[in-house]
Amino acid sequence: MEIASKYDSYGVEDKWYDYWMKQGFFHSVPDEREPYCIVIPPPNVTGVLHMGHMLNNTIQDILVRRARMLGKNACWVPGTDHASIATEAKVVAKLREQGIDKASLTRDEFLEHAWEWKTKHGGIILDQLKKLGASCDWERTCFTMDDGLYDSVIDVFIDLYNKGLIYRGIRMVNWDPKALTAVSDEEVNYKEVNSKLYYVRYKVEGTQDEWITIATTRPETILGDTAICVHPEDERYSHLRGKRILVPLLNRSVPMIFDEYVDREFGTGALKVTPAHDINDYNLGLKYKLEVIDTFNPNGTMSEAARLFVGEDRFVVRRKITEELKNNGHIVKIEEYTNKVGYSERTDEVIEPRISVQWFMKMKELSKPALDMVEDDTILFHPAKYKNMYRHWMANVTDWCISRQLWWGQRIPAFYLPNGEFIVAKSKEEALAIARSKTEYRDAEITLDDLKQDEDVLDTWFSSWLWPISVFDGIRNPGNPDINYYYPTNDLITAPEIIFFWVARMIMAGWEYRKAIPFKNVYFTGIVRDKQGRKMSKSLGNSPEPLDLIRQNGADAVRVGMLLCSPAGNDLLYDDALIEQGRNFCNKLWNAMRLVKGWPVDDSLAQPEVNKVSVDWFNSAFNASLLNINALYDDYRLSEALMAAYKLVWDDFCSWFLEMIKPAYQQPIDRPTFEAVTGYFEKLLKVLHPFMPFITEEIWHILAERGSTESIMLSLQPVPDGYDQSLIDKFVFAEDVIMAVRNVRKEKNIPQKESIRLFIRKNNNEEPDTTFDTLVGKLCNISELGYVAEKVDGSVSFIVGSTEFFIPLTGTIDIAEELKKLEEELTYTTGFLGKVMQKLGNESFVNHAPAAVVDVERKKQEDAASRIRVLEEQIRGLKVQQQ
RNA sequence: GGGAGCAUAGCUCAGCCGGUUCAGAGCAUCUGCCUUACAAGCAGAGGGUCACAGGUUCGAAUCCUGUUGCUCCCA
């Protein structure tokens with residue numbers, strides 16, 4: 001049967017994926033084997049696969065497949081995240097397209113739409129992962145809003161609340177006065193706008209004509225001022241220490257405060273402090289215990305608290321109050337000014353910072369053990385440099401705002417009583433029971449209807465931080481067999497930008513709820529960028545469509561291409577050439593298979609000497625390389641492990657080994673060599689399988705008859721055996737000889753088909769090594785290989801190490817050219833020797849450097865000297881001939 | 001503004017406790033080859049003051065200091 005000379009992944013990949021699924025090879029249940037577990041970083045449920053996912057999930061699949069082939073019980077738990085902000089925004093947008101305003105819907109109606117959206121678009125991304133070859137245990141697929149996971153989140157909230165770790169607090173949020181909702185930081189677009197900087201003078205209390213001038217871009221907030229702040233070292237204002245200032249128009253008396261926060265260079269160096277309407281002012285307010293006066297209504301009009309302009313819009317008021325201030329002699333000057341203003345992504349309305357009541361989680365206590373476990377390498381980061389970042393954040397951790405003004409998510413289980421008190425409980429019924437037993441409503445007639453559940457949902461990360469536990473139902477059933485077996489998981493593959501949002505918090509949750517780390521290693525992937533180094537994004541349109549890439553090149557090629565250039569923590573600059581390299585490698589493998597499959601085997605044939613040494617050498621080369629690959633895996637240097645395997649296959653196996661043992665055209669191969677070759681081929685396929693699962697399965701099945709339920713993915717990785725370093729070294733010498741002969745052929749235009757003779761001059765110092773003579777003979781098409789004591793006249797010569805080789809030639813030899821080459825070589829070697837001698841002549845070096853280093857230099861000296869002797873002798877000989 | 005990291009061949013990177021893996025790998029480039037597995041290939045070749053300036057040392061890509069340039073995270 002003719003096998004195509006180009007590997008075509010089309011059909012092959014689906015065939016094997018279906019096969020693996022049908023056989024249930026990805027499914028894992030606890031047994032007596034050592035577990036190996038990865039939980040997927042759950043992608044957004046309605047997201048689609050992008051290049052970053054491809055890289056991240058390729059790495060996970062490599063680790064999982066390898067663990068499986070190391071005999072471990074490997075389990076990769078897939079799933080998706082409800083991604084409350086992103087998903088709710090998508091649903092809102094979709095409803096808007098249909099002419100439905102979210103505000104016109106009840107919570108339940110909206111959620112119905114959301115679930116409908118989730119059902120329609122959810123899980124697409126997981127199907128895409130299948131195309132990549134991901135060996136996830138699909139029977140364990142989880143979603144953060146599945147009942148069990150939802151309940152786990154609620155249980156944890158209640159538990160932490162009862163432990164006093166969750167509290168209600170005040171926080172500045174980005175308020176959209178048009179949508180009447182808080183929006184997340186991610187939903188605020190900052191734009192540069194031309195505005196004005198108003199210099200306004202405030203009277204110092206108790207003086208007739210003493211003033212302090214401040215600069216502000218927002219005069220309408222003056223009505224909410226509760227202090228004036230200057231830098232403590234600013235001498236212009238030092239005389240105001242202890243004084244009070246009168247807010248213009250209201251004549252409210254506010255304190256002077258002194259804080260280093262103030263930028264002395266900006267404006268007049270004096271700052272009005274409005275804690276209700278600016279985050280920095282709010283922080284100052286906290287520090288100096290200032291009054292907070294919220295002068296705005298939720299819709300952006302002035303509130304009663306403003307006392308003036310009540311009910312008028314903030315921008316109208318800006319104009320009016322400026323006039324008013326002018327009339328009263330408070331405006332000093334007005335400058336043109338450019339600043340950044342936040343706009344709501346949804347409504348394009350100017351965002352108003354607004355004080356609001358939110359739910360918080362205390363972090364200090366939980367962060368301590370989480371920091372320690374990374375510091376002392378109980379959990380390892382790859383690369384380790386991210387420990388610094390982690391340490392810095394954990395040391396400066398602030399409380400976590402866990403409430404979000406959204407509907408899509410886990411609703412906060414707090415129930416408010418008519419008196420404003422609240423009860424945290426699993427359900428309204430439970431809350432009612434508690435109310436009846438513990439509160440002032442003990443004896444009152446209150447019903448379920450009197451309780452109102454908190455409108456907010458929890459931050460998405462408040463469910464993802466439990467992910468490694470909740471996917472095994474370890475919150476609700478802490479003793480169940482799955483959690484006991486799979487937890488702690490082994491490796492987490494994620495991006496450094498969510499080290500705090502997610503990684504750190506999983507470590508905290510793990511300690512809080514399991515008294516154990518959630519994972520042993522964290523592997524940080526980089527960002528996939530385009531050739532210009534720009535982050536790939538939909539809006540830039542600079543990202544290739546992952547599924548197209550897979551269709552066109554095969555998943556194996558894409559996996560190899562992406563991984564080859566992405567060491568842990570480094571960004572990957574995507575280039576189509578990478579995928580091409582992967583594809584070429586697939587083809588190389590494919591053709592190696594074609595070659596080996598095409599050899600007739602003759603059982604009566606004895607194994608020729610050349611094949612025997614070749615097999616011996618490859619055995620050593622393979623084992624040395626395998627050892628190296630395993631070490632690289634242990635260090636999580638997957639890119640390098642792949643590169644080592646790539647070179648082992650391409651260079652050592654294909655370019656050398658197969659050429660070494662390749663029978664002459666249409667000649668059979670002996671049985672022992674054939675068995676050895678196919679044996680190593682299989683081992684190589686196994687080494688490659690984690691990187692390129694499909695083609696290795698395909699070739700593995702072509703290479704030999706396999707049972708109907710067999711798979712390379714269930715086979716065991718080859719175990720490194722001993723290797724003979726001296727054999728490898730000797731081969732390197734033989735390689736040099738072979739390459740030198742090839743060069744001679746090239747220079748002298750001698751075709752490979754034409755056989756030549758090769759003579760080796762015996763070195764006086766040592767016995768020549770003849771191990772690879774037959775090999776040199778075969779690969780260089782040598783008709784006679786002999787050892788001589790003297791140089792051979794009428795031949796081209798070359799030197800490897802300090803051994804001379806001669807190839808007798810019938811044609812004339814260009815002596816002048818040979819001389820030139822030799823003399824160049826001599827100059828170089830003499831220079832080299834000079835440097836070595838200089839070093840050895842330096843007494844300090846000889847005295848201070850370790851003996852081994854000095855010995856190395858002495859050896860260099862010897863080698864160079866003997867090489868020089870040989871060169872000089874050759875030059876002398878040629879010169880004689882020349883005359 | 002606070003913190004962290006990076007700078008080595010055209011590109012992407014590796015180079016540990018300073019010394020034979022010391023200037024490397026892959027890709028790209030150039031030159032030959034359609035040699036019966038593979039032109040998605042084979043055989044070769046060229047290419048780097050290791051950002052800059054100091055210092056420590058017998059010895060620095062490697063350690064220290066400063067300068068410059070870039071990136072990321074937090075505010």
Side-chain angles (χ1 to χ4, degrees), chain A residues 3-8 185 260-261 263 279-280 283 383-393 395-398 495-501 526-527 529 531 533 535 553 557 561 564-567 569-575 577-599 632 635 637 639-640 642-644 646-647 650-651 654-655 658-659 662 664-667 732 738-747 749 751-753 779 781 836 838-857 859-860 863:
Chain A
I3 306 174
S5 73
K6 301 220 179 337
Y7 171 64
D8 184 3
D185 292 346
E260 280 155 8
Y261 163 74
D263 178 2
I279 180 67
N280 297 307
N283 288 331
K385 64 176 177 182
Y386 289 110
K387 272 173 82 172
N388 291 333
M389 215 202 261
Y390 183 83
R391 182 184 312 118
H392 183 252
W393 191 76
N396 298 292
V397 67
T398 52
E497 55 262 41
I498 53 175
I499 193 167
F500 314 125
F501 287 135
I527 296 165
R529 299 175 180 278
K531 263 201 255 185
K535 208 166 169 169
N553 303 282
L564 271 176
C565 272
S566 52
N570 274 27
D571 287 355
L572 175 150
L573 269 70
Y574 175 81
D575 188 332
L578 295 174
I579 308 293
E580 219 170 279
Q581 193 181 351
R583 189 196 57 179
N584 293 355
F585 186 46
C586 288
N587 208 46
K588 189 72 189 175
L589 263 185
W590 183 251
N591 277 291
M593 178 274 291
R594 285 179 64 218
L595 176 66
V596 173
K597 271 306 267 190
W599 288 333
L632 290 167
D635 276 351
R637 303 173 75 135
S639 260
E640 287 177 59
L642 171 57
M643 182 48 75
Y646 176 94
K647 286 198 274 194
W650 199 306
D651 300 343
C654 293
S655 294
L658 290 182
E659 293 298 330
K662 186 169 161 182
Y665 183 51
Q666 287 187 336
Q667 294 301 304
V732 170
I738 291 163
M739 289 195 274
V741 174
R742 281 174 182 162
N743 267 329
V744 170
R745 278 186 181 276
K746 191 171 182 183
E747 277 167 25
N749 251 319
Q752 174 69 18
K753 279 184 193 134
L779 291 186
N781 191 11
V836 175
Q838 201 182 346
K839 212 169 185 181
L840 284 170
N842 181 343
E843 245 178 78
S844 287
F845 171 72
V846 180
N847 292 340
H848 291 270
V853 174
V854 179
D855 284 348
V856 164
E857 292 300 314
K859 176 86 170 73
K860 273 194 212 169
D863 291 350

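Order of the sequence lines sets the chain letters (A, B, ...), proteins ahead of strands, with each chain counted from 1.
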Q: Taking pairing as Watson-Crick or G-U wobble with both contacts under 3.5 Å, can you name the mate of A25(B), or confirm there isn't one?
A: U12(B)
Q: Hunt down the Watson-Crick or G-U wobble partner of C34(B), both distances under 3.5 Å, from any strand shown, or write none.
A: none
Q: Can you figure out which of G44(B), G5(B), G41(B) approaches the side chain of Trp650(A) most closely?
A: G41(B)
Q: Without swapping roles, check the side chain of Asn781(A) against the backbone of Gln752(A) for a donor-acceptor pair under 3.5 Å.
A: yes
Q: Where does U31(B) land, syn or anti, given syn is within 90° of 0?
A: anti
Q: Watson-Crick or G-U wobble partner for G66(B), using a 3.5 Å limit on both distances?
A: C52(B)
Q: Might you point out which heavy atoms bring Lys860(A) and Val836(A) nearest each other, and give the distance in Å?
A: CD-CG2, 4.0 Å
Q: Under 4.0 Å between a side-chain nitrogen and a carboxylate oxygen: does that hold for Lys859(A) and Asp855(A)?
A: no
Q: Please report, rounded to the nearest Å, how far the C1' atom of C42(B) is from the CG atom of Leu595(A).
A: 14 Å
Q: Counting only side-chain heavy atoms from C-beta out, which of A37(B), G44(B), A43(B) sits nearest to Asn743(A)?
A: G44(B)
Q: When you get a sec, tell me which of C73(B), A43(B), A40(B) is the closest nucleotide to the side chain of Phe500(A)?
A: C73(B)
Q: Within the 4.5 Å heavy-atom criterion, are Asp651(A) and Tyr646(A) side-chain neighbours or not?
A: no
Q: Nearest whole Å is fine: how far is G3(B) P from Ile499(A) CD1?
A: 18 Å
Q: Using the side-chain heavy atoms of His392(A), tell me which of these nucleotides is nearest: G3(B), G5(B), U31(B).
A: G3(B)
